[in-house]
Amino acid sequence: MKLENLNDKQIEAIENTEGPMLILAGAGSGKTRVLTTKIAYLIKEKNVDPYSILAITFTNKAANEMKERVVNILGEDTRKIQISTFHSFGLSIIKRYYKFFDLKSNFTIIDSDDSLSMIKKILKDMNYDPKEINPKTIRNTISNSKNELMLPKDLEKFISNGNYEITVKVYYEYQKRLKTNNSVDFDDLLMLPIILFKQNPDILDYYQERYRYILIDEYQDTNEVQYKLTKMLSKKYQNICVVGDPDQSIYGFRGSNYKNILNFEKDYKNVKVVLLEQNYRSTKNILNASNDIIKNNKNRKEKNLWTDNVEGEKIKYKRCEDEKDEANYVVSSIKKLMKEKVNLSDIAVLYRTNAQSRNIEEALLKNNIPYKVIGSFYFYNRKEIKDLISYLKLIYNPSDDISLERVINVPKRGIGLKTIQNIRTEANVLDDSMFNVISGGKELEFKKLILGFIDSSMELSLTELVELILDKTGIKKELELEDTIESQSRLENLEEFKSITKSFEDRYGVVSLAEFLDEISLVSDAEEYKNMTDVVTLMTVHSAKGLEFDNVFIIGLEEGIFPHSMCLNIPSEIEEERRLCYVAFTRARKKLTLLNSKRRLLYGQDNLNPQSRFISEISDEYLDKEDKTIFNYKKTIAHSNINEDEEYTLGEHVMHEKYGEGVIIGIDSKVLTIAFSHPHGIVKMIKGHNSIKKC
DNA sequence: TGATCCAGTTTTTTT
DNA sequence: AACTGGATCA
């Protein structure tokens, strides 16, 4: 196997396959390439069975990409190789040993929203006032405990005050309810395997024997449980290769500890350390500015990231008047790039908080520039989607009380709070699921409906099942009758969900409900299923980790936004914000544009934020502050040639210059929703734009 | 039971 | 500004 186009350090990292290895890989240093090549090298040169390799990545997306790359090098039969996130790896273990945890094989995973509503209900049942006891705090404490491997009885030992006592009580009850619901929460996916291994050395031994070669990506973002799991698995053969960059540790709020990577050399004996310090991604200007920022962190191991790339353009910095102005500046810059024939897929807009996407979205919409927003909230958190998923979960796991309560009266069936309460109490008394104790009334109708779905699910495809649910429950009919803009958009979302199940089936062949539910519980991002080709990407800096783009815009670089106001007074958190900023900067290959605004409407209030300290940390020689662009909002609208008088009707056919023929399925005061054929799908456009013609 | 209204709260980042 | 939850009334 030829190791071409790799530098000495990279080759060293690849060829040393035995024993513990630490790869300190700076941003853009070809880390993913090294990892995939190393996996290929193990299989091809060292005759390691792909079955014996375990590779852990941070996101499912990264896992899929890595798998594709390995399959590309070595062929289809390496597809069985275990490349996944910690969470899905944990799930695979629990699936295999579900009996040990007192679960049934059809257990489901509850998300953190469901955890929260479960905790709220527990507090209510225990007669605590949610104003005095914050359910979120309790959820976080429970989550943190699990990430520290503490069960209720362990937490009990730490009781120091009244609130803690309540937390412990809730924790006990929470665990009990998870069990009657036949479900696990997110943190269980990591904690349960460790409990299993601790109590069953033979099972641990099986996994140790099986996974003789372990590779962990983004090691700087591992938390305590993940650290323990890694350590247990690698103990026997010590062929553990971890990759990471302490400067890119950005998940401290979730319990990640960058010290795990700093301590790696103490944790294992005879560690081989390889430093990847050549950056292949960014221009000198971008890299130098990034270095300028990160060197302000006190708590840091000095490193020297360099590049042979061109000096490149200076980094643009624009201080705007307000957030609208900021969004319009971004859009006008994108238009300029479009004129230079830049692909939209080479452009990303990054921000600190999800809420910031809105202004950008509006501006892009007005100017008819296609985009996608990466982030879970936008899709899976919508009511109609959550309802639909709850139906699916309930069909798969009828013990899932959370899902049952969610949909038992959706659409309205005249089953009120009182009835639900009665069922809940009875279930509690009998220590059974709500579904099982239903025996009469309108509830029985509902139960029969679900039982019917369970029958149908045996012979229908996933998409057909979804269709059936929307139909038989009356969800579809209700929304159609409502016939408002709101209900239209809900219907569209449900259509989109079907296209997700469809593409899921296309991709993996016939899939079971189990597989699909697992996947969407772990892959929170609907965007991963769409193949939108040439669109601008909008996302938080956190989601951008591991990605790269030719052109990057970072918006909201203000004190209070980035760094976030919650962190301003805590030095360690400011350092994390700085690492986050470093991650944002190093996503850019060629062109980086920084923005902020003097005034910003936030939580209904006008805020005057000074420029971010991170901008002040960049040496002037890399910055271009003198932006001469005179930007006029009105001018852009005129420029995009909008004929506001154009009238439309629902169902009308139109022709788009890029997407071809489409049907109007929604009309707003200013915006049209148009369904185009695959792969474009449903697109929103401003009325009367000259790119659409009636036909 | 369900619709509506009002008051109070909230917003960091995510597998 | 937007969303939640609770209270009130039909």
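To find a chain, count down the sequence lines: A is the first, B the second, and so on, and within it residues start at 1. Quick caveat, the model's predicted, so the values are computed rather than measured.
For the pair A:Arg254 and B:dT12, the criterion of a side-chain N or O lying under 4.0 Å from OP1 or OP2 is not met. OP1 and OP2 of B:dT12 both lie 4.0 Å or more from every side-chain N or O belonging to A:Asn354. A:Thr419 has a side-chain polar atom (N or O) that falls below the 4.0 Å cut-off from OP1 or OP2 of B:dT1. Taking side-chain N and O atoms only, A:Lys136 has a distance below 4.0 Å to OP1 or OP2 of B:dT11. For B:dT14, the OP1/OP2 oxygens have a side-chain nitrogen or oxygen of A:Thr540 closer than 4.0 Å. Considering only side-chain N and O atoms, A:Ser543 lies under 4.0 angstrom from the phosphate OP1 or OP2 of B:dT14. Between A:Asn223 and B:dT15, a side-chain N or O to OP1/OP2 separation shorter than 4.0 Å is absent. For the OP1/OP2 pair of C:dG5 and a distance below 4.0 Å, the side-chain nitrogens and oxygens of A:Lys120 include at least one atom meeting the criterion.
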Side-chain polar contacts of residues 414-423 of chain A - donor-acceptor pairs under 3.5 angstrom, sequence neighbours left out - could you list them?
none

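One interatomic measurement links the two molecules: CD1 of A:Ile561 to P of B:dT13, which rounds to 11 Å at whole-angstrom precision. Atom-to-atom, CZ of A:Phe86 to C1' of B:dT14 comes out at 16 Å; the value is rounded to the nearest Å. Remark: C1' of B:dT14 and CD1 of A:Ile110 are 16 Å apart, rounded to the nearest angstrom. If you take CZ of A:Phe253 and C1' of B:dT11, they are 14 Å apart, rounded to a whole angstrom. For A:Lys442 and B:dG2, the NZ to P distance is 7 Å, given to the nearest whole Å. Note: CD (A:Glu218) to C1' (B:dT14) measures 14 Å, nearest angstrom. Rounded to whole angstrom, the span from the CD1 atom of A:Ile415 across to the P atom of B:dT1 amounts to 10 Å. Rounded to whole Å, atom P of C:dA2 lies 11 Å from atom CG of A:Asn359.
Side-chain atoms of A:Ser115 and A:Tyr174 include a donor-acceptor pair closer than 3.5 Å.
The shortest distance between side-chain heavy atoms of A:Glu65 and A:Thr36 does not fall below 4.5 Å.
Between A:Arg352 and A:Gly416, it is A:Gly416 whose nearest contact on DNA chain B lies nearer the 5' terminus. Judged by closest nucleotide on DNA chain B, A:Lys412 is the one of A:Lys412 and A:Glu576 placed further toward the 5' end.
Across all non-hydrogen atoms, the minimal contact from A:Ser521 to A:Phe186 is O-CZ, 3.3 Å.
Contact of A:His564 with B:dT12 (side chain to base): no donor-acceptor pair of N or O atoms is detected under 3.5 Å.
The side chain of A:Thr85 has B:dT15 as its nearest neighbour among C:dA2, B:dT12, B:dT15. Side-chain proximity of A:Arg358 to the nucleotides B:dT13, C:dA2, B:dT1 is greatest for C:dA2. Between B:dT15, B:dT12, C:dA2, one nucleotide has an atom nearer to the side chain of A:Cys567 than all others, and that is B:dT12. Which of B:dT1, B:dT15, B:dT12 sits closest to the side chain of A:His87 comes down to B:dT15.
Among the atoms of the strands shown, only primed sugar atoms or phosphate atoms (P, OP1, OP2) are found under 4.0 Å from some heavy atom of A:Asn409. Nucleic acid contact for A:Phe58: sugar-phosphate only, since backbone atoms but no base atoms lie under 4.0 Å from a heavy atom of the residue.
A:Tyr258 does not carry A:Arg300 over the face of its six-membered ring by the limits of under 6.0 Å from the centre and within 45° of the normal.
Between A:Tyr351 and A:His542, a ring centre-to-centre spacing not shorter than 6.0 Å is recorded.
Between the P atoms of B:dT13 and C:dT4, the separation comes to 15 Å (whole Å).
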